[in-house]
Amino acid sequence: MRRNCRLAALSATLLIFLAGCAEDAPQDFLEPQGPVARQIDKLMDPVFIVAGIVFVLVQGLIVVAVLKFRSKPDSPEPEQIHGNTRLEVGWTLAPALILLAVAVPTIATIFDLSQKPENPVNVTVIGHQFWWEYRYDDLGVVTANELRMPVGQPVELTLNSDDVIHSYWIPPLAGKMDVVPGRSNRMHLIADSPGEYMGQCTEFCGASHANMRAKAIAMAPRDFDAWVAGQRAGAVTAVAGTPAEAGSTLYAQKGCGGCHTIDGVSEGVLGPNLTHFATRTSFAGSIFANNDANLRIWLRDPQAAKPGNKMIIPGAPLTPDEITKLTAYLNTLR
Amino acid sequence: MTDTAVTASSGSHTEIEAGHPPTSTGLSNEKVAMWSFLGSECLLFGALISTYLLFKGQSTPGSIGPADVFDIPYTSVSSFVLLMSSLTMVLALAAIQRGDHRLTRIWLLTTALLGASFVAGQAYEFTVFVREGMNLRVNLFSSSFFVLTGFHGAHVTIGVLMLLSLYSLSLRGKLPASKAETVELVGLYWHFVDVVWIVIFTLIYLIP
Amino acid sequence: MAIVTPERPEAPAPEQPLNVPVRFLRRPTGYTPGLWGWMTTVDHKKIGIMYSVSAFIFFIIGGLEALLLRIQLGGPDQTFLRADTYNQLFTMHGTTMIFLVIMPLSAGLANYLLPIMIGARDVAFPRINAFGFWVFLVGGLFMYSSFFLGGAPNGGWFGYVPLSRNMPGHNMDYWAFGLQILGIASLTGAVNLIVTAINMRAPGMSLMRMPIFVWMSLVSQFLLLFAIPVITVALFLLSFDRLFSTNFFNVAAGSDPLLWQHLFWLFGHPEVYILILPAMGIVSEVLPVFSRKPLFGYQVMVFSGIAIGFMGWGVWAHHMFATGLGPVAVSAFSASTMFIAVPTGVKIFNWISTMWKGKLTFPTPMLFAIGFVAMFTIGGLSGVTHGVVPGDTQQTDTYYIVAHFHYVLFGGSMFGLFAGAYYWYPKFAGRLLDERLGKIHFWLMFLGFNMTFAPFHILGLQGMPRRIYTYPADMGWDMWNLVSTIGSFIIALSILTFIINVIKNRKPQEVGDDPWDARTLEWSIPSPPPEYNFKEVPLVTSRDELWHRKYTEDEHGRSVRREVMLGQEKMPGTEVEPSPAEGHESPDHVEGGDDEHGEEHEPHIHMPSPSYWPLLAALCLPVICYGMIYKTWAVAILGGVAMFGTLYAWALEPATAPEDTPVHGPDTSGDDREAVRV
Ligand code: HEA
Ligand code: HEA
Ligand code: CUA
Ligand SMILES: [Cu+2]
């Protein structure tokens, strides 16, 4: 019977659905890794169950109707039923009550989550096409692409945008919040345990929207403090006579400083602050792991590596030799 | 549900032949259409007015603002002119319904002239503003002011064109009393544009 | 589906003016054959067909764009499309499917059927109707011309500012002006259909006797009437910003980009109900016919449709849950969003009750209608899960949303429209579509659809954002994307089956007026209908008028053929019924088309004459827009003046040309009726 196939297909879909969620997916938000995301998840579980029940009910009724009332050679003409007020009132009220039961905890959670956390680490996140800037103004730290945070302590983000609307999202830790130019939205994250949490910009923001990833690195409080201390130190100067020193000269010659800041060297603001570039695990909107091979790809042709990004090297392309030297220099920026 | 067989009313034949099928509501199609259209226009102006109200106070501080440019007495006069044109429009309709074509023409023309002087007044006001350093792109207030009042002015202009068309039809004897409804429809549009101006004038000029 | 010129073997040759230019300037009168006939037609049925055919072509284009997207996303790190090409394709895919496919398909069906279903001979303003169609067509072509003129729109179908304000090139100008043109088409269509439904109902067709499809179309036209001006304003502001450097969306000047979102979604949410209500109407027509029962709870169905229309205005900010509106506003919109499930749920349960205790048969239209109820429910339920705001901050802008809206748009609107296409095809074309191919189409589409879009739920929950042209391999998204890509090709195959069905099925058939033993007035007239629809304006005495002409109820409330009830032996089957409304004519008179004796009392039916002004006026719009986009003001002004001139000429042209020959009722029954064959 065709209808049975369909029922089977539907329940198979549902099963696959559940199976799919167990797969290893770093941005899966059904596996929360912090209290904020967990609160959302707790709220959604019963909602999904209600939806599942209604789903089974409706599909079940359809299947029964189709099987039971299909025309048979001996079926008489059906009775002409025009309606039934009692029933219709019933299935107006029942969903309304169910929804009321969903609405109450929803609204409670909305207000709960909008509360300011206590004793947070304050970070200003600035969205740029197509990378994130993080400013820890209280701590005097500026970095890019990777949000470093202590475990267990709330991190309150103030979201600003430099150009268009972006949206900040680290799914295992919290829901997303849009980054709207001219507005300062707020959100907070808490991570249960140390680790790297992947996320992504989720508001379409131009050519390389797909390449605007985000990463939060939660660390034990002591490691976090050490990291902060390292970031507050000035830039390392390249040792004379090394390729790195040649790279630092090139950095000045090629106009990199026009867009990048390196403390005590240059004060550009269009691109990420590179003062402690080598302490980052990834770069360019976290689409590249920070290693020599990737840096070479990046410096050879940033536009090919990340279409439409704002880094245009004056007098490009760089020669392989220049790239080697610049890479060496960048690697010293710890 | 009744189940009686019924024969078609043969009365409708002749009316269909005459090109005037009776309508379900008794109102003419044109009138229902005009009302629907005006309903739609309400949202057009609603959106424009909301934009203005939202943005007028958000201009960069220190740049030109309403208090710097508005000349309320001047605009009150031109608003009064527009208001009067609604009166003459009513008179034009009354005239054609009576079959008085001479008066119809007089009032149609008066309405058009009043409308035209409102538009002229607005054009003059715009030039004054521009001379005072306020143009489309100066700030948020200027952009939303010009676009809102400009849209309204365009509506008045279209109304004037329709009135003049009616006038010329009447001159050529093509606006018999049986077409009084055409005048009524243009009148509906005209009153709508007037009412919108009252709202705009109150919200923009009078409420600080 | 090709437009085939109507065959009319015995038609008197239309007057052939002597020289061509004169022919071009003369107003065509009466029956006009060939392409020129289509270009000047004001017949709501031909216009309906043109709407549907053009929209279907746009559907194939939009679908091919989707296939390209799917190829790119079939695996990680693909390089099939460049980033910007991908962005153009998804923007045009969304814009096309919404504005150039579902809206015009619904408009086309409403155009064709609404007048007939209420017993009218045409819409209220036939020339404005033609104008609306041509504006839609030139608007679509205008937008697509951008592909050849520097690149198509690439800012997403809701064109958020400041991105769409700042984007270089003319891509987004085409989008804004194109939508502006399409808005004119929708607005004129809305006014026209509203007036038609309100004012042109046959005697006895009270509002509560209107077929439910008419009701749902009417509600959606009201939504259009009020929603279009809102997006018109938004698009004007955007275009002024781009052309004249005004400051509406200039953040540096203090603007708030959320204004755009409020305006867009204040239009956009009613818009999604504009897309679904006609499909709900179709399903409400199809289910009763193949259940052989009346629609369960007609009044409630009407009122829930109206309720959806009203509530649709109060939920727009659910597209902005992550923009930081604050907990109070967000809670209010969350609640209103959830409660819109109530009137929709009523519809679902009433549809099921319509089938309940019926005598169900499953020809293709019925399959699509049932598919609609099943698939739309899935989309609706995921919609409710979006309404739970904290959950939506996780879901928004992921493929979970993409799954939601494809289930409601494709599983809902498209399934509904296909149900309508199969159901009414015999009325339009005088031929039935092949059932075997139809069933293959349905099952392939059902399979492909679920294979394509069900995995989107999983992908979304696994955190895959929408509008990304590439993704790396270590995200766990590979498998479901591949499944989805394969599914999309199965959908394409199913559409191909439909196309083959239409093309293959060209042999003339005798389907009769009423092949499905249906309930509403459109089945009381020939298939395809004559130009004037009804020889005599019908008198309506009940809801489901045709059914009541054919059937009465026995003491158990079961339907019985009237003849059987009256003890007559002959069962006319599904042949043309001697319609009681034409009671004083003998049955054989109606069927035979032999009408000497009918001659003296038959009226001359004056139908509006063809006109080329609607087409010419529509053609001025892109001229104005090209002029504006490229800031060649002379061209824009020229277009404006031309527009003004054509509208003036049009206004002065009488609706029915005085010299026009009336369509002579009885002469045109039988096989030389002026019908449109698809
Ligand atoms: C045909 C079009 C259509 C329809 C009918 C709907 C119907 C609904 N939609 Fe959908 N929606 C879209 C088209 C549509 N939507 C589109 C295109 C977008 C994305 C735009 C974009 O971003 O590109 C979108 C996005 C969208 C969002 C924003 C998501 C986001 O971006 O974060 C939300 C949020 O609340 C939402 C909710 C709903 C709800 C609650 C309904 C309800 O009307 C559904 C009601 C129906 C049911 C619930 C099923 C039947 C009911 C029962 C069987 C009764 C019992 C049920 C219960 C007790 C739960 N929709
Ligand atoms: C009614 C609306 C509708 C319909 C029917 C569809 C149909 C399809 N959509 Fe739709 N889609 C949208 C509305 C719709 N979509 C919207 C509004 C968006 C959001 C856009 C945005 O974000 O701005 C979107 C976005 C969207 C995305 C997300 C893009 C992104 O965010 O990056 C994807 C990805 O897979 C997708 C896929 C598909 C597929 C595979 C189909 C298929 O079902 C298509 C099936 C049709 C065909 C395959 C055509 C048949 C072709 C043939 C038969 C070929 C033969 C012809 C000849 C030989 C001449 N769509
Ligand atoms: Cu930033 Cu998308
Ligand atoms: Cu919505």
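These numbers were taken from a predicted model, which means no experiment stands behind them.
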Novice: Sort Gln299(C) into side chain, backbone, both or neither according to what part of it lies under 4.5 angstrom from a heavy atom of chain A.
Specialist: neither
Novice: Among Leu381(C), Val384(C), Leu360(C), which residue has the highest count of heavy-atom pairs closer than 4.5 Å to chain A?
Specialist: Leu360(C)
Novice: Is it true that Arg183(A) and Asp256(C) have a side-chain N and a carboxylate O under 4.0 angstrom from each other?
Specialist: yes
Novice: Select one option (side chain, backbone, both, neither) describing which atoms of Asn211(A) are under 4.5 Å from chain C's heavy atoms.
Specialist: side chain
Novice: Looking at Asp84(C), Thr377(C), Thr361(C), which one has more heavy-atom pairs under 4.5 Å with chain A than the rest?
Specialist: Thr377(C)
Novice: Got a second to check how far Arg467(C)'s CZ is from Cys205(A)'s SG, nearest 0.5 Å?
Specialist: 11.0 Å
Novice: Would you mind telling me which of Pro294(C), Pro162(C), Ala83(C) has the largest number of heavy-atom pairs within less than 4.5 Å of chain A?
Specialist: Pro294(C)
Novice: Check whether Val161(C) gets within reach of chain A through its side chain, its backbone, both or neither, counting any heavy atom under 4.5 Å.
Specialist: backbone
Novice: Between Lys357(C) and Glu79(A), does at least one N-O distance fall below 4.0 Å, as a salt bridge requires?
Specialist: no
Novice: Between Pro78(A), Ala207(A), Ala96(A), which has the largest tally of heavy atom pairs under 4.5 Å with chain C?
Specialist: Pro78(A)
Novice: So what's closer than 4.5 Å to chain A heavy atoms on Phe249(C): side chain, backbone, both or neither?
Specialist: neither
Novice: Hey, are the side chains of Ile40(A) and Thr393(C) touching, using non-hydrogen atoms and a 4.5 Å cut-off?
Specialist: yes
Novice: State, to 0.1 Å, how close Pro171(A) and Gln394(C) come at their nearest heavy-atom pair, and which atoms those are.
Specialist: O-NE2, 3.1 Å
Novice: Which atoms of Arg466(C) are under 4.5 Å from chain A, going by heavy atoms: the side chain, the backbone, both sets, or neither?
Specialist: backbone
Novice: Can you tell me how far the NZ atom of Lys176(A) sits from the OG1 atom of Thr396(C), to the nearest 0.5 Å?
Specialist: 5.5 Å
Novice: Need one label for Ala94(A): side chain, backbone, both or neither, based on atoms under 4.5 Å from any heavy atom in chain C.
Specialist: neither
Novice: How close do Thr385(C) and Met44(A) get, counting heavy atoms only, and between which atoms?
Specialist: O-CE, 3.7 Å
Novice: Answer with side chain, backbone, both or neither: which region of Gln88(C) has an atom nearer than 4.5 Å to a non-hydrogen atom of chain A?
Specialist: neither
Novice: What part of Trp547(C) is in contact with chain A, defined as an atom under 4.5 angstrom from a non-hydrogen atom: side chain, backbone, both or neither?
Specialist: side chain
Novice: Could you look at Thr323(C) and say if it's the side chain, the backbone, both or neither that has a heavy atom under 4.5 Å from chain A?
Specialist: both
Novice: Can you give me the closest heavy-atom contact between Gln27(A) and Pro465(C), atom names plus distance?
Specialist: NE2-CD, 4.4 Å
Novice: Could you label the plane-to-plane angle of the Phe48(A) and Tyr400(C) rings as parallel, tilted or perpendicular, counting under 30° as parallel and over 60° as perpendicular?
Specialist: perpendicular
Novice: Quick one: what part of Asp474(C) sits under 4.5 Å from any heavy atom of chain A, side chain, backbone, both or neither?
Specialist: backbone
Novice: Is Val346(C) close to chain A through its backbone or its side chain, or both, or neither, when contacts mean heavy atoms under 4.5 Å?
Specialist: both
Novice: Using every non-hydrogen atom in the two residues, find where Gly324(C) and Asn185(A) come nearest and quote the distance to one decimal.
Specialist: CA-OD1, 3.7 Å
Novice: Name the region of Pro76(A), side chain, backbone, both or neither, that has any atom closer than 4.5 Å to a heavy atom of chain C.
Specialist: both
Novice: Please flag which part of Ile348(C) lies under 4.5 Å from any non-hydrogen atom of chain A: side chain, backbone, both or neither.
Specialist: side chain
Novice: Can you tell which part of Val389(C) gets under 4.5 Å to a heavy atom of chain A, answering side chain, backbone, both or neither?
Specialist: both
Novice: Pick whichever of Gly391(C), Pro257(C), Gly358(C), Pro472(C) has the most heavy-atom pairs under 4.5 Å with chain A.
Specialist: Gly358(C)
Novice: Quick one: are Phe29(A) and Gln395(C) in side-chain contact, heavy atoms under 4.5 Å?
Specialist: yes
Novice: For a side-chain contact (heavy atoms from CB on, under 4.5 Å) check, start with the C-alpha distance between Glu77(A) and Arg292(C), then their side-chain angles and the critical distance, and finish with the verdict.
Specialist: CA-CA 7 Å; Glu77(A) 279 292 316; Arg292(C) 300 189 67 76; 2.9 Å; yes
Novice: Would you check if the side chain of Lys359(C) reaches a backbone N or O of Ser71(A) as a donor-acceptor pair within less than 3.5 Å?
Specialist: no
Novice: Is Ser334(C) in contact with chain A via its backbone, its side chain, both, or neither, using a 4.5 Å heavy-atom distance?
Specialist: side chain
Novice: Of all the heavy-atom pairs spanning Ser353(C) and Trp91(A), show the shortest one and how long it is.
Specialist: OG-CH2, 3.0 Å
Novice: Measure the CG-CD distance between Leu163(C) and Gln129(A) for me, rounded to the nearest 0.5 Å.
Specialist: 6.5 Å
Novice: After noting the C-alpha distance and the side-chain angles of Phe296(C) and Glu88(A), does the key distance pass the side-chain contact (heavy atoms from CB on, under 4.5 Å) rule?
Specialist: CA-CA 10 Å; Phe296(C) 194 89; Glu88(A) 289 170 75; 3.7 Å; yes
Novice: Non-hydrogen atoms of chain C under 4.5 Å away: do they reach the side chain of Ser75(A), the backbone, both or neither?
Specialist: both
Novice: When rounded to the nearest 0.5 angstrom, what distance separates OG in Ser331(C) from CZ in Phe111(A)?
Specialist: 4.0 Å
Novice: Is it the backbone or the side chain of Thr470(C) that comes under 4.5 Å from a heavy atom of chain A, or both, or neither?
Specialist: both
Novice: Can you tell me which portion of Leu459(C) sits under 4.5 Å from chain A's heavy atoms? Options are side chain, backbone, both or neither.
Specialist: neither
Novice: Describe, in one word, how the ring planes of Phe90(C) and Phe204(A) are oriented to each other, choosing from parallel (under 30°), tilted (30 to 60°) and perpendicular (over 60°).
Specialist: perpendicular
Novice: To the nearest 0.5 angstrom, please state how far the CD atom of Gln59(A) sits from the CD1 atom of Ile378(C).
Specialist: 5.0 Å
Novice: Find the one option among Phe321(C), Phe339(C), Tyr160(C), Tyr298(C) whose heavy-atom pairs under 4.5 Å with chain A are most numerous.
Specialist: Phe339(C)
